[in-house]
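This report refers to the structure that appears directly beneath it.
Every chain is numbered from 1, with letters handed out A, B, ... down the list of sequences.
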Amino acid sequence: MPHDPDPPPAKRFKPGSPFFRLNKKPGMLLPRKENASVPVDVQRKHLPIYQAKSQLINRLRQLDGAVLIGETGSGKTTQIPQYLYEAGIGRQGIIAITQPRRVAAISLAGRVAEEKKTQLGKLVGYTVRFEDMTSSETKLKFMTDGMLLREAIGDPLLLRYSVVVLDEAHERTVHTDVLFGVVKSAQRKRREQSKFPMKVIVMSATMDVDLFSQYFNKAPVLYLEGRQHPIQIFNTKQPQSDYLQAALVSIFQIHQEASPSQDILVFLTGQEEIEALARTCRDISKHLPETCCPMMVIPLYASLPPAQQLRVFQAAPKGTRKVVLSTNIAETSITIPGIKYVIDTGMVKAKKYNPDSGLEVLAVQRVSKAQAWQRTGRAGREESGLCYRLYTEDEFENFINMTVPEIQRCNLASVLLQLLALQVPDVLNFDFMSKPSSEAIYTAVEQLDLLGAVDRKDEHISLTPLGKKMASFPLEPSYAKTILLSPDFSCTEEVLTIVSLLSVDSVLYNPPARREEVHTVRRKFISSEGDHMTLLNIYRAFKNVGGNKEWCRENFVNSRNMALVSEVRAQLREICLKLGMTLQSSRTDMGNVRRCLAHGLFTNAAELQPDGSYVALDTHQPVAIHPSSVLFQAKPAYVIFNELLHTSKCYMRDLCLVDADWLHDAAPEYFRRKLRAAKS
DNA sequence: GAGCACTGC
């Protein structure tokens with residue numbers, strides 16, 4: 001075992017108070033165990049929420065809005081919609097229940113359809129991107145929050161809906177936050193115009209709900225008991241200089257003391273860290289005394305192939321301990337059964353946004369208190385648990401209370417475009433629950449203005465006809481613009497492919513251990529014109545073999561992401577047709593495709609300097625070509641790039657060779673002073 | 001010559 005500079009394990013921690021997720025409130029209910037062999041209608045009655053049913057219905061019938069607090073496991077998400085429907089509340093329209101994630105929307109709909117003993121897609125259905133399982137009969141509709149937002153563009157008053165339930169509101173995704181404002185204004189306008197009323201129910205797992213209640217006109221807060229079991233919390237006595245070392249020591253301290261059937265979940269920050277720690281744990285566990293049980297180490301992060309992700313749900317063989325090393329994917333998206341111990345490093349990798357430079361940086365940082373509680377809660381899902389926090393109580397007190405909502409740390413260009421499409425009268429003063437900084441809003445307006453999406457008259461901002469078309473694409477504004485420009489260059493088919501490729505996760509596998517092999521097979525696709533054209537070549541080859549899985553494996557192509565590219569492409573193509581665009585292919589003429597990209601993505605341009613370095617023309621930020629680019633060895637005078645990645649340097653990723661003239665023609669005013677070799 | 005948490009339309 002590596003040398004441990006900190007105190008010996010047994011002395012490292014001191015116990016804190018047991019953690020109960022909820023304080024007791026009047027009208028609360030006792031948790032009970034679920035039993036899979038019991039029929040669903042009986043199970044429904046065993047849910048904690050059932051005993052509050054009539055009370056809940058009476059309150060909700062009277063209220064326009066309510067904030068509902070309840071743990072996962074309280075049954076609120078599956079039961080509330082059914083209670084409303086069964087009580088005849090909101091029968092004039094559809095009851096919508098929004099979720100931040102697709103899988104959640106789909107599985108919840110399945111569960112409720114089963115409870116209602118009806119076929120999915122009839123009374124109960126769901127709508128997510130690429131999949132609509134609803135019909136004219138559907139009254140209970142589970143959907144992603146992004147999907148309801150899309151629908152609102154065509155129907156800002158949401159007149160199909162009688163009730164909107166915003167679930168998992170505490171997660172504060174961009175989509176949920178925008179929906180808050182959209183739903184609130186729709187509710188008010190319907191009242192003003194004497195349309196039939198809309199009920200808004202906000203559901204959250206955290207106790208910190210004053211903000212929600214205040215925002216929704218002081219809506220009453222209703223509490224529901226969940227099934228949280230007590231969790232004993234331990235903090236370190238001293239701050240830890242090395243959280244990985246501290247995690248390692250804690251894992252083996254628990255491993256040597258606890259019964260083998262008790263599993264451990266460790267929260268870490270990323271793939272590399274997790275894989276490294278997994279190797280160390282496996283090595284050490286081989287050399288432990290006979291008295292110690294075997295250890296099964298399971299890494300968990302989003303980019304893991306689905307088959308490997310499923311391993312966390314399998315129980316370890318009898319007498320073996322399961323140790324799950326996870327990113328924050330296990331905080332919300334994936335619930336792992338059998339976890340008795342949680343080890344929280346208190347660290348997370350998250351995106352930060354600098355509104356001045358427009359740069360997003362991915363950085364390891366401290367979690368918020370709310371996040372720490374969420375992690376702790378993962379230890380008490382089935383029975384009482386223990387949580388080891390690798391930080392002191394004082395350190396914890398200094399954590400921020402809530403994670404800063406995503407809307408305050410992202411580029412707002414697409415959000416603003418969407419708000420304008422929703423006919424929000426004054427976007428600069430949109431009623432956000434947590435208003436983003438005025439710098440961030442201003443930067444976004446500037447971006448949209450440059451793209452020709454908005455008209456500015458004093459303080460009033462409106463959508464141009466181009467902007468209106470741009471908003472109909474589920475894409476970053478600059479990508480939408482590029483597609484809309486493509487008919488001028490007779491290359492819409494190619495641009496659709498490229499934009500689709502850029503808007504999903506990477507379609508390329510790059511296993512470091514097989515670098516030479518990857519290099520060899522990829523050579524045949526490489527275009528000297530850059531990464532966009534190389535990706536286009538790969539997509540064309542993929543289509544030529546009909547998406548053959550074997551071909552994907554041989555060529556280190558991620559077939560799952562490639563399939564997603566096809567789906568995205570089909571959706572975008574459909575929107576083009578609806579807008580009446582003619583879809584032409586440039587076939588072998590890549591020059592036109594590059595011209596088109598230069599015209600659409602000119603804000604992401606960089607210029608070679610006399611000293612051989614690059615400067616981003618928009619911000620004058622020094623940038624470098626990422627070593628993964630096919631242009632890494634080349635020194636093109638001008639490139640456009642897909643994104644900037646700030647790590648050891650500021651790297652451009654996914655580059656395309658362009659001419660200075662094209663950039664100049666795309667935005668003469670903008671480039672007048674920016675280009676070295678500016679056209680006279 | 002580097003390495004990217006997690007979602008979503």
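Residues passing the side chain to side chain donor-acceptor pair (under 3.5 Å) test with A:H626 are A:S628, sequence neighbours excluded. For A:E643, the salt bridge (Lys or Arg N to Asp or Glu O under 4.0 Å) partners are A:R653, not counting sequence neighbours. Listed by chain and number, the residues in a ring-ring contact (aromatic ring centres under 6.0 Å, His included) with A:F180 are A:F212, A:F216 (sequence neighbours excluded). By the side-chain contact (heavy atoms from CB on, under 4.5 Å) test, A:S559 is found to be paired with A:K549, A:C552, residues two or more places apart in sequence or in another chain being considered. For A:R366, the salt bridge (Lys or Arg N to Asp or Glu O under 4.0 Å) partners two or more places apart in sequence, or in a different chain, are A:E395. For A:R101, the side chain to side chain donor-acceptor pair (under 3.5 Å) criterion is met by A:E171, not counting sequence neighbours.
Across all strands, A:R129 comes closer than 4.0 Å to base atoms (heavy-atom distances). Residue contacts shown for A:K351 include a base, since a base heavy atom lies under 4.0 Å away. As judged by a 4.0 angstrom heavy-atom cut-off over every strand, A:R653 is placed among the base-contacting residues. Residue-level contact check: A:V174 touches neither bases nor backbone, having no heavy atom under 4.0 Å from any strand. Residue A:L362 is classed as a base contact, given a heavy-atom separation below 4.0 Å to a base. No contact: A:F473 has no heavy atom under 4.0 Å from any strand. At a threshold of 4.0 angstrom between heavy atoms, the contacts of A:T144 are confined to the sugar-phosphate backbone, with no base atom among them.
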Without placing hydrogens or testing angles, list every side-chain donor-acceptor pair under 3.5 Å for residues 508-515 of chain A, not counting sequence neighbours.
{"unit_1": "A:N510", "atom_1": "OD1", "unit_2": "A:R522", "atom_2": "NH1", "d": "2.7"}
{"unit_1": "A:R514", "atom_1": "NE", "unit_2": "A:E517", "atom_2": "OE1", "d": "3.1"}
{"unit_1": "A:R514", "atom_1": "NH2", "unit_2": "A:E517", "atom_2": "OE2", "d": "2.9"}

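Taken residue by residue, residues 626-636 of chain A places heavy atoms nearer than 4.0 Å to DNA chain B at A:H626, A:P627, A:F632.
For the pair A:Q271 and A:Q571, nearest-nucleotide mapping onto DNA chain B gives the more 5' position to A:Q271.
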Please evaluate residues A:R573 and A:T492 with respect to the criterion side-chain hydrogen bond (donor to acceptor under 3.5 Å, both in side chains), reporting the C-alpha separation (whole Å), side-chain torsions for both, the decisive distance (0.1 Å), and the verdict.
CA-CA 9 Å; A:R573 197 168 188 275; A:T492 304; over 6 Å; no
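For CD of A:E272, the number of neighbouring non-hydrogen atoms (other residues, nucleotides, ligands) closer than 6.0 Å is 12 at most.
You can see that DNA chain B meets the heavy atoms of chain A within a 4.0 Å-exclusive cut from B:dG1 to B:dC9, reading 5' to 3'.
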